[in-house]
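Here the structure is laid out as structure tokens; the discussion comes afterwards.
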Amino acid sequence: MKNQQNIVKIFIFLSVLLIVFFVLNVSLGSVSIPLDDIIYILLGNTEIKESWQTIILNFRLPKALMAIMVGSGLAISGLLMQTLFRNPLAGPFVLGISSGASLGVALLILGTTIFGGSLLALSFSNWALPIAASLGSFLVLSAVIIAANKVRNTMSILIIGLMFGSLTAAVISVLSYFSEASKIQQFVFWSFGSLSNLSWQELQIFTILYLVGIFSCFSIIKPLNSFLLGENYAKSLGINIKKSRNLILLITSILTGVITAFCGPIAFIGLAIPHIARMLFSTSNHKILLPASAIIGAIVLLICDSIAQLPMSEFTLPINAVTSIFGAPIVIWLLIRKRKIFV
Amino acid sequence: MIDSSKHIVLETKNLAIGYPHKKSQIVVTSNINISLEKGKLISVLGKNGIGKSTFLRTISKVQKPLEGSVLINNKNLTNFQDNELATTMSLVLTERLPESQLTVFELIALGRQPYTNWIDKLSDNDIEKINTAIEQTEIEHLTQKRFYELSDGQLQRVLIARALAQDTPIIILDEPTAHLDLHNTIKIFTLLKELVTKTNKTIIMSSHQVNLTIQLADTIVLFKEKNVLADSPKELIKANAFDDLFSSSIINFDKNLEQFIINT
């Protein structure tokens, strides 16, 4: 079949792109290191300058790996939400995960002004932010899922998620209003998103949770594809709607939850990448769309991160701004060209 | 051994259908006692709002009966597991499909889901069943098209092919000719009739095409104000069952022509 050959070709092309941008990402930074030395270091050669090895292995490599995992994880989460809600505007954050994480972090950083110093001690620990973010997203997500199980209509879950988002945003506004400028600045910096500053130990925990989420996706290929016909047809094909729905929500929350906890809310990727994958492969089959979204998400976040480092300078732009500034126009252009938008 | 020509595939006992509403119930129709034979084209007739769709939804387990029971091959519908039901009956619904880029082939292939493995891989047997369904509905020329490119008549054939690929002894169709012109309506009717004779499946459909149904259906389930009857068109005509179907003075049933005509 001609179609199948095309699909394989696009996947090979994307894999090459992924490797190219991975190496490029590692080679960019405030200290310039020759490309061949970088490749030697990545291949395990220990005869290169030690400071270079430290820069590559302890800073740039974890960050590039994070970019790949965060990009693919968010793209997959976005795809799951768009299929579940049959809504092209759904993204990984519609379940209130990012608002929950923001609330947790806001309480930690901004709350210290209001609730006194008891929380202050905590905020110095390296783990404080991810823990606060996880707790926050877990609480809001649980509330959304409990509410979701009380309604039969899947669309209502979308609205419930958005409402919880508004609620937490309101709480954060109130907290900000009573906080000092320096605290607000600290919170704003978190909300910019960041792929760096992760130790190998944190990376390990992140990777385990990420892999759990990714491998669980295999179990929902069937329900995802049947949802393309609507819930009634899916049910007539033997799919347990409630179970599948909860499984999809669970996988999304693991992936998005862990990403938001460690990297902050990273916008755009989750919403836009699935659309790019659908347009590129012109299919709705999740057996193709899941790996396609993952690999495109990884590539795009690697590119965005490379741009964010502002090559040849010592500045780093917030990753969240870069993903949107460069991503949004591309999606708009793609949509105008293709005219039709699918879920 | 049960005589296969008289095999009862679907039976309802004191069935009441309708919707739960807050703490009470809205009963649409009650006391439905019918038994339907295997290998027939069965058409559900009745005026708007009398409960045809509710009936189809109830016998396909989309909604629960308010009272009584539905037996499929002598087994209570409530005891069917999800996958068991999916291999027993397939559906063709009136609802619009959500927008997607599915091709006709992929759409029909989704009918094989009850049989495929955990990552939905199609076996040779699955492909064969899909191709048979495509042949039977004569849509070979459409398979590589996207389903949103099809006309209503073509889409209906594709949806029937999907139900056939699901390879179930029972197929239930909710108003399969709702958006079709007369020509396509007759084509769908004759296709269903053919499928019944060729495959010995039981096809249950609802329709507003009274005149066509009387000519083509083997059995008619007639929803009337007071009761629900199920019999062959001939017997129902003999029993004057159609006379008060619409309880209206505008149209009348003409027994000799075997169809409704407008009063002039």
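All chains are named by letter (A, B, ...) in the order of the sequence lines, taking the proteins before the strands, and each is independently numbered beginning at 1.
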More than 12 heavy atoms of other residues, nucleotides or ligands under 6.0 Å from [atom1] of [X]: yes or no?
X: B:K75; atom1: NZ; value: yes
X: A:F13; atom1: CZ; value: no
X: B:Q136; atom1: CD; value: yes
X: B:K13; atom1: NZ; value: no

Given a strict heavy-atom distance threshold of 4.5 Å, which part of [X] is in contact with chain A: side chain, backbone, both, or neither?
X: B:I172; answer: neither
X: B:L93; answer: both
X: B:T116; answer: both

- Can you say whether A:K235 sits under 4.5 Å from chain B via the side chain, the backbone, both, or neither, judging by heavy atoms? side chain

- Message: For a 4.5 angstrom cut-off between non-hydrogen side-chain atoms, does A:K222 reach B:D120?
- Response: yes

- Query: Would you call A:L237 and B:R162 a side-chain contact if the rule is heavy atoms closer than 4.5 Å?
  - Reply: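 Yes. Closest side-chain heavy atoms under 4.5 Å.
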
- Any residue of residues 106-115 of chain B which, by heavy atoms, sits under 4.5 Å from chain A: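 Residues B:E106, B:L107, B:L110, B:G111, B:Q113, B:P114 are the ones that qualify, each having a heavy atom under 4.5 Å from chain A.
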
- Task: Could you check B:V62 against A:N232 for side chain to side chain contact (heavy atoms under 4.5 Å, CB included), going step by step and ending with a plain yes or no?
- Result: CA-CA 8 Å; B:V62 173; A:N232 283 335; 4.2 Å; yes

Could you pull out the closest heavy-atom pair between [X] and [Y], with the gap in Å?
X: A:Y233; Y: B:E95; answer: CD1-OE2, 4.2 Å
X: A:S236; Y: B:A86; answer: O-CB, 3.4 Å
X: B:K121; Y: A:K287; answer: CA-NZ, 3.9 Å

- Query: Highest number of heavy-atom pairs under 4.5 Å with chain A: which of B:N117, B:T103, B:T87?
  - Reply: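 Heavy-atom pair counts peak at B:N117.
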
- Could you have a look at B:Q81, B:R146, B:E84 and say which one has the most heavy-atom pairs with chain A under 4.5 angstrom? B:R146

- Query: Listed by chain and number, what are the ring pair (Phe, Tyr, Trp, His ring centres under 6.0 Å) partners of B:F223, not counting sequence neighbours?
  - Reply: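 With neighbours one apart ignored, the set is B:F55.
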
- Task: Output the distance between atom CD1 (A:I221) and atom CD1 (B:I119), rounded to the nearest 0.5 Å.
- Result: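 The CD1 atom of A:I221 sits 6.0 Å away from the CD1 atom of B:I119.
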
